[in-house]
**Q** 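Take a look at the following structure, please.
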Amino acid sequence: MLKRTQRLNEIDDSLIGKTVIINGWVDRMRNLGGIVFLWIRDRYGLVQVVFDPQKPVYEYVKNLSNEYVVAVKGIVRERPKEAKNPNLESGNVEILAEELEILAESKTPPIYTNREEGNEEARLKYRYLDLRRSALQHNLIFRHRVAHLTREYMNSKDFLEIETPYLTKSTPEGARDFLVPSRLKKGSFYALPQSPQIFKQLLMISGFDRYYQIVRCFRDEDLRADRQPEFTQLDLEMSFADQSDVLEIVNGLVKKLYEKFIGIDLGEIPIMSYSEAMEKFGSDKPDLRFEMELQDLTNETFAHEMKFLTPSKGEALKSIRILRSETFSRKVLDSYANSAKSEGLRFGWVKNSNGDLSGSIAKIFKSAGVNLDLKNGEMMITCAGKRSSVNKFLGSVRLDAAKRLNLVDESSVKALWVVDFPMFEWNEEEKRYQAQHHPFTMPYVEDLDKYSSDPSKMRAHSYDLVINGWEMGSGSVRIHTKKLQEKIFKLIGISEKEAKARFGFFLEAFEYGAPPHAGFAMGFDRLIATMLGLSSLRDVIAFPKTTSGTDLMSDTPSKVSETQLEELGIKSEVDE
RNA sequence: GGGGAUGUGGUGCAGUUGGUUAGCAUGCCGGUCUGUCACACCGGUGGUCGCGAGUUCGAGCCUCGUCGUCCCCGCCA
């Protein structure tokens with residue numbers, strides 16, 4: 001075969017007059033009857049090849065079609081003045097073909113590879129063709145570069161990349177596990193790791209001191225645009241370290257990545273407590289690209305004159321201001337009212353229409369004689385009820401309103417740390433507390449005694465990195481004593497017996513000199529998507545799954561043979 | 001598990017109150033064309049309207065069911 005002497009990004013003025021060989025795909029053909037132009041594409045670029053009717057090779061160009069793989073030997077020449085294409089990287093030159101070799105033919109592709117259109121279904125079925133599109137090529141190349149620099153950074157900070165197993169032990173708590181049946185031990189199962197959590201902590205106990213891994217994690221839960229069943233984390237753990245050490249490492253990395261690849265200085269990344277985030281933004285992952293903070297009216301003097309909105313003891317009365325109310329139709333406000341009601345909240349809105357107050361609760365404010373200081377067109381949405389529900393509801397209103405008002409500057413990047421999450425949350429289904437982060441998280445030890453009657457008030461030494469309202473990663477200081485770990489298991493209703501069966505090896509490890517340690521895990525797919533301004537993880541993963549967890553290209557998951565099941569000692573109860 | 005959107009030539013879309021021959025663009029095939037760059041122009045091919053039932057004289061359109069894709073809630077330590 002004619003092997004390439006140049007990649008397509010290398011075809012430029014410096015090669016004028018030289019003979020080159022290029023390899024690539026036919027991106028487009030323009031046959032003008034006499035002269036024929038081809039665009040040849042590879043991963044690096046796009047170059048125009050000319051076929052002159054005077055040359056013998058001209059006879060063969062008619063056999064070509066889109067997506068054929070070809071080798072072209074020819075002379076690089078400057079294009080005629082009028083025929084230069086400034087939109088093309090190589091638009092100053094072209095290759096005059098002397099020889100052509102067809103390396104592979106192609107059927108007419110079922111989707112366009114040179115256009116940004118096509119529905120997801122067809123594109124996922126022919127993912128290998130979709131991946132030829134320059135946008136997806138760009139995303140995956142970008143991802144590679146970020147991974148590369150990430151490794152470089154972690155290495156420079158003396159972190160060791162150490163692999164951990166994929167065939168692991170199923171553990172309670174957290175997401176549903178993907179299970180893998182064991183053939184050698186019929187009736188038993190491995191689980192794919194939801195994260196390498198336990199292993200990286202064991203590596204700390206082994207003395208490796210600083211560990212990281214860019215690693216696949218698996219969670220068998222329903223999908224979203226920002227959630228895939230298998231996804232990649234930058235996982236890290238440090239010994240003799242606390243929260244500030246971890247934040248420093250991660251800050252350094254994120255700032256470096258944004259500076260190098262996006263050209264943005266993230267500046268000082270602020271730290272906000274979980275409770276502040278909830279009170280001000282109604283979210284544990286606030287989008288700080290716009291203001292619109294929640295206001296707490298609970299302690300205002302007029303709060304007890306608010307008729308049905310009056311907060312009873314322990315409840316909250318809060319509001320949010322919307323500057324341009326004209327985009328909020330009655331229908332939108334009704335839908336807010338309905339969702340508030342379904343959360344057991346009382347809801348009302350009031351706006352300034354040409355100097356007069358109107359809206360569902362205008363009368364209440366008027367009779368209470370409150371000066372709301374609303375400018376013309378400004379609206380206030382007010383909500384009363386259980387404090388945590390009020391925050392959550394107004395937080396969702398805040399996001400929805402920002403979307404409607406187009407308040408988000410898509411080119412800006414706002415990162416922050418949210419810290420001191422609650423250690424536990426109540427699981428209504430199982431009627432017990434469970435760890436909000438995970439059960440290996442170090443609690444505020446003083447909270448354990450202080451709030452022994454109300455575990456929901458205990459805080460954890462945990463921290464989330466949030467970028468543009470996306471949870472980018474989370475971490476915590478870990479428990480490193482058996483005694484405390486056992487205490488936590490007890491609090492979340494894991495019996496001593498169960499703890500021993502599930503985590504016995506882990507608890508035992510703590511008896512052999514476990515150093516204080518802390519760590520973090522960053523959602524790598526999300527980070528790439530955020531940096532590229534994409535909302536779907538599918539665009540940064542080469543072979544993603546659909547929202548129902550299938551792969552349309554390979555038709556996965558699929559049935560397996562009866563023999564395979566027998567070998568595993570498994571019988572399917574699903575009817576064919 | 002629930003809600004919403006969607007499914008029409010290979011691809012992207014239109015299709016009125018249910019009405020006779022399902023349009024448009026692009027691709028593909030053939031033709032003309034020696035400087036195009038999403039080449040242009042002329043001609044042509046291509047559709048079980050996701051699938052199944054029902055209502056009706058008549059269904060792409062209405063009803064019920066079902067399947068796929070996308071978005072959201074639940075869920076995701």
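Within every chain, numbering begins at 1; the chains are lettered A, B, ... in the order of the sequence lines, protein sequences first and strands thereafter. Bear in mind the structure is a predicted one, so any value in this text is a computation, not a measurement.
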**Q** Could you check whether A:Tyr211 and A:Asp235, counting side-chain N and O atoms only, form a donor-acceptor pair closer than 3.5 Å?
**A** yes

**Q** Please give the nucleotide sitting opposite B:G44 as a Watson-Crick or G-U wobble pair, both distances under 3.5 Å, or none.
**A** B:C28

**Q** So, is A:Thr547 close to the B:C70 phosphate, meaning a side-chain N or O under 4.0 Å from OP1 or OP2?
**A** yes

**Q** Any side-chain N or O of A:Thr546 below 4.0 angstrom from OP1/OP2 of B:U69?
**A**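 Yes, within the criterion.
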
**Q** Tell me whether the side-chain N or O atoms of A:Asn119 pair up with the base of B:G12 as donor and acceptor below 3.5 Å, since no angle test is needed here.
**A** no

**Q** Counting heavy atoms from C-beta on, name the nucleotide in B:C28, B:C75, B:C76 closest to the side chain of A:Asn66.
**A**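 Among the listed nucleotides, the one closest to the side chain of A:Asn66 is B:C28.
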
**Q** How far does the C1' atom of B:G68 sit from the matching atom of B:U32, given to the nearest Å?
**A** 44 Å

**Q** To the nearest 0.5 angstrom, please state how far the CD atom of A:Gln48 sits from the CD1 atom of A:Ile40.
**A** 10.0 Å

**Q** Do A:Arg398's NZ or CZ and the ring of A:Phe393 fall within the cation-pi criteria of under 6.0 Å and 45°?
**A**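 No, a cation-pi geometry is absent between A:Arg398 and A:Phe393.
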
**Q** Roughly how far apart, to the nearest Å, are B:G27 and B:G44 at atom C1'?
**A**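 To the nearest whole Å, 14 Å.
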
**Q** Looking only at atom P, what distance separates B:C71 and B:U34, rounded to whole Å?
**A**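 B:C71 and B:U34 have their P atoms separated by 50 Å.
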
**Q** Given the structure, check if the side chain of A:Gln54 and the base of B:U34 hold any donor-acceptor pair shorter than 3.5 Å.
**A**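 Flag set: donor-acceptor pair detected.
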
**Q** Taking any heavy-atom pair under 4.0 Å as a contact, classify A:Glu471: base, sugar-phosphate, or nothing.
**A**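 Answer is nothing: A:Glu471 stays at 4.0 Å or more from every strand.
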
**Q** In terms of the angle between their ring planes, are A:Phe178 and A:Phe218 parallel, tilted or perpendicular, with boundaries placed at 30° and 60°?
**A**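 Rings of A:Phe178 and A:Phe218: perpendicular, as their planes differ by over 60°.
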
**Q** With sugar-phosphate meaning primed atoms plus P, OP1 and OP2, does A:Ala435 contact a base, only sugar-phosphate, or nothing at under 4.0 Å between heavy atoms?
**A** sugar-phosphate

**Q** For A:Glu221 and A:Gly549, take the nucleotide of RNA chain B holding the closest heavy atom to each; which residue's nucleotide lies nearer the 5' end?
**A**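 Result: A:Gly549.
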
**Q** Take atom OH in A:Tyr60; do more than 12 heavy atoms of anything else shown fall under 6.0 Å from it?
**A** no

**Q** Roughly how far apart, to the nearest Å, are B:C75 and B:C67 at atom P?
**A** 25 Å

**Q** Would you kindly check whether a donor in the side chain of A:Tyr126 faces an acceptor in the base of B:G10, or vice versa, at under 3.5 angstrom?
**A**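 A donor-acceptor contact between them is absent.
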
**Q** In B/S/- notation, 5' to 3', how is nucleotides 39-48 of chain B contacted by protein heavy atoms closer than 4.0 Å?
**A** B---------

**Q** A:Gln48 near the nucleic acid: base, sugar-phosphate alone, or nothing, with a heavy-atom cut-off under 4.0 Å?
**A** base

**Q** Between B:C62 and B:C76, how far apart are the P atoms? Round to whole Å, please.
**A** 39 Å

**Q** Please tell me which of the listed nucleotides, B:G74, B:C28, B:U69, lies nearest to the side chain of A:Thr550?
**A** B:U69

**Q** Out of B:U34, B:G68, B:G74, which has the shortest distance to the side chain of A:Glu121?
**A** B:G68

**Q** Using atom C1' in both nucleotides, what's the gap between B:A40 and B:G4 to the nearest angstrom?
**A**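 My reading of the C1' atoms in B:A40 and B:G4 gives 45 Å.
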
**Q** Only pairs with both distances under 3.5 Å count, Watson-Crick or wobble alike; so what is the partner of B:A59 in this structure?
**A**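 Its partner: none found.
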
**Q** At less than 3.5 Å, do the side-chain atoms of A:Arg79 and the base atoms of B:C37 form a donor-acceptor pair?
**A** yes

**Q** For a quick check of understanding: with a heavy-atom distance under 4.0 Å over all strands, which category does A:Ser548 fall into, base, sugar-phosphate or nothing?
**A** sugar-phosphate

**Q** If you measure from the C1' atom in B:C64 to the same atom in B:A59, how many Å do you get, rounded?
**A** 15 Å

**Q** Looking at A:Tyr444, I'd like to know if the NZ or CZ of A:Arg459 sits under 6.0 Å from its six-membered ring centre while staying within 45 degrees of the ring's axis.
**A**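 Output yes; distance and angle both within limits.
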
**Q** Taking the six-membered ring for Trp, are A:Tyr128 and A:Tyr126 parallel (under 30°), tilted (30 to 60°) or perpendicular (over 60°)?
**A**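 Correct class here is perpendicular.
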
**Q** In whole Å, measure the gap between the P atoms of B:G3 and B:U66 for me.
**A** 12 Å

**Q** Start at the 5' end of RNA chain B and walk down; is the nucleotide closest to A:Arg538 or to A:Arg176 reached first?
**A** A:Arg538

**Q** Which nucleotide in the set B:G27, B:C71, B:G12 lies at the smallest distance from any side-chain heavy atom of A:Ala225?
**A** B:C71

**Q** Does any nucleotide pair with B:C76 by Watson-Crick or G-U wobble geometry, both distances under 3.5 Å, and what is it?
**A** none

**Q** Crowded around A:Lys84 NZ? As in, over 12 foreign heavy atoms under 6.0 Å?
**A** yes

**Q** Remember a base hit wins even if backbone is also touched, and classify A:Glu82 as base, sugar-phosphate or nothing at under 4.0 Å, heavy atoms.
**A**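 It contacts nothing in the nucleic acid.
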
**Q** Output the single nucleotide from B:C75, B:U69, B:U36 whose closest atom is nearest the side chain of A:Arg227.
**A**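 It is B:C75.
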
